[in-house]
Every structure is written in C-alpha cells, then in structure tokens.
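Values below: all heavy atoms of this structure, side chains included; hydrogens, waters and symmetry mates excluded. Position 1 is the first residue of the sequence; numbering continues from there. Counting convention: from 1, in listed order, for ligands and their atoms alike.
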Amino acid sequence: MTDKPTFSIEFFPPATPEGVEKLRLARAQLAQLNPAFFSVTYGAGGSTRDRTLEIVREIQAEGLHAAPHLSCIGATKDSIRDHLAEFRAMGVTRIVALRGDLPSGMADPGEFRYANELVAFIRAETGDAFHIEVAGYPEFHPQARSATADLDAFATKVRAGANSAITQYFYNADAYFQFVDEAWARGVEIPIVPGIMPIASFSKLARFSDACGAEIPQWMRRRFEALGDDTASVKALGLDIVTELCERLLEGGAPGLHFYTLNQAGLTSTIWQRLGLA
Ligand code: FAD
C-alpha cells in the first residue's frame, strides 16, 4: 500500500428542494478541504435513483469528483447496465458497489444476491473504466453467519475486482486494525479506508448504531450520558473523541479517512482541520 492516503466525504441525496440547497452550501464549504471525492448514497432498492444521479451530476459539473453508490439488491442486469452508462456519460470514474438491503414490502431480490456479483458484473461490462470501492465491516456485518464467514465474503468480493474498500463507522480502532490484518492474511491487499462518523447528537448516534451493528464502547456511552442535553459539551466531546480516533488510525497506517457527513459541513471541517489535512 504505497498510494497516497485518500480523504473523502459522503453525502446522501436530500428529499426536498431545501435539502438540496443546504447540501450545495455544505458542499461548497467542504470542497475547500479538497477531498479526493464526494460519494453519494443510493437508497435501498433504487428508491433514490434519480436524486442520487442529480447530485452526482451537480458535483461532476462543478469540476469535483463524485463517486455514486450503487446497490444491486432488487436490481436487474439491464438496470445496472443503464446506470453504468449514465455514470460514464457524466465522466464518473469511481463507484461504491454494494448489495444494499431489500426495502420492506419489496419481494423480488432481482438478479444479484451479493455485492461480489455486482463487482464482477461491473468489471465484466466496463473493464477498468471504474475504480470500484466496496464496503467492509470491522465489527462485522449484522447478518453475517460468523466473523470468519464475513471476512471470507469480504475477500471474495475484493477478488471479484474491487480496488479499495470503505468501512462501516466504528469507535474501536483495534477492531479496524484486526480486520485489516485478517483481510491481509486472506491475501486482500487493497487499501481499506476507515469510515468516520462525527458525533452531533449522541442519542441519534446510539439509535442508528444499534440498527447498523456499530458498537458504541461503554466508556463513550457513559461519558455522553453524563452530559445529558448540554449540546455544546456533547459536540466538544464528540470532536475530541473522533479526532483522537482519526489520529490513532492514521498513525497505525490507515490509508485515508472517509467522512459520513450526513450533509453537514461543520464537524467534518473541524476534524479535518484539527488533523492538519486541509
Ligand atoms: P455484501 O458484501 O453482499 O454482504 C452482505 C452480507 O452477506 C454479509 O453478511 C456477508 O457476510 C454476506 N455475504 C456476502 N457475500 C456472500 C456470499 N458470496 N455468500 C454468502 N454470504 C455472503 N446501503 C444503502 O442502501 N445505500 C448506500 O448507499 C450504502 N452505502 C454504504 C457505504 C458503506 C461504505 C457501507 C459500509 C455501507 C453502505 N450501505 C449502504 C449499507 C449496506 O448496503 C448494507 O450494510 C448491506 O446490508 C450490505 O451491503 P454489502 O455491499 O456490504 O453486502
């Protein structure tokens, strides 16, 4: 892993015109940090298809690099082919390839079962046109049969043609380092970039983390609980904890950082500056 570290930023496609306008402002602020790319999430089962494409189009038109997420559960090969053609027409060169989750009420799983099948399909259809990112789970995917099965599935997905990976967020640096070691032991030598979730509200973070299988360490939980509704102190503690986590990850050899901004510029900008990345 001799490549330059990659620092990147994630958005979701807003559902309202006001949200789109706020995102434009956040993006203008975050663009000053000069991230390698802005990724844009893709709603389960294609629910944000047009909105994701619209944000990607805007980012590309501003001369910045967009990396659309693309999930395959519920999709057909033809629909993925159409997406790939649209991305190429927009000048996109990086995709975050995912399985995604079938939305409740949607019964047809489509023509792909796992992300490794999507990665192989993108490679077969488009050769080296795209840098393919995949998802990694240092604390393991919530549906995985076992930690070992999840690591094996990750290695299979990478071998299908991924160039690099972005992880689920976590607050336990050791889980990340161990995941990377285990991936390397399976011959996976691509950069595995930690996903970083800045903390704006601890109660929201706790709810979200339960759903996606990210662990909040007990010491963190207790420290935030002690602050109650004191939002300024929560923000200050969150900034300290996340900045220290980033420092530890970079010192330990992490090949970059990917920030889950939730379309807010402030916390990510502050952490970025504290790390001296700007
Ligand atoms: P996979 O890699 O396919 O893994 C899914 C599960 O199946 C795991 O438990 C794995 O162990 C198992 N598995 C994988 N391959 C096999 C196999 N060949 N045989 C048997 N078992 C297998 N969700 C969205 O809806 N939109 C987004 O934009 C989005 N972006 C994300 C970005 C990142 C960086 C991350 C970490 C997650 C993102 N997610 C997103 C969430 C993701 O879609 C879910 O976590 C989803 O449940 C799994 O997707 P995956 O690509 O990791 O799936």
Begin from the C-alpha positions of Arg99 and Phe112 and carry the test side chain to side chain contact (heavy atoms under 4.5 Å, CB included) through to its verdict.
CA-CA 8 Å; Arg99 182 197 71 176; Phe112 300 87; over 6 Å; no
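When only modelled atom types and interatomic distance are considered, Tyr169 and Ser209 share a side-chain donor-acceptor pair under 3.5 Å.
Taking the centre of each ring, His131 and Phe37 stay at or above the 6.0 Å mark.
Partners of Glu117 by salt bridge (charged side-chain N to carboxylate O under 4.0 Å, His left out), not counting sequence neighbours: none found. Listed by chain and residue number, Thr76, Lys77 satisfy the side chain to side chain contact (heavy atoms under 4.5 Å, CB included) test with Glu111 (two or more places apart in sequence, or in another chain).
If you look at ligand 1, the protein residues with a non-hydrogen atom under 4.0 Å away are Thr41, Tyr42, Ala44, His69, Leu98, Arg99, Gly100, Asp101, Tyr114, Ala115, Asn116, Ala135, Tyr137, His141, Gln143, Ala144, Asp150, Ala153, Lys157, Ile166, Thr167, Gln168, Tyr260.
The list of salt bridge (Lys or Arg N to Asp or Glu O under 4.0 Å) pairs with a residue in residues 170-179, not counting sequence neighbours, reads Asp174-Arg248.
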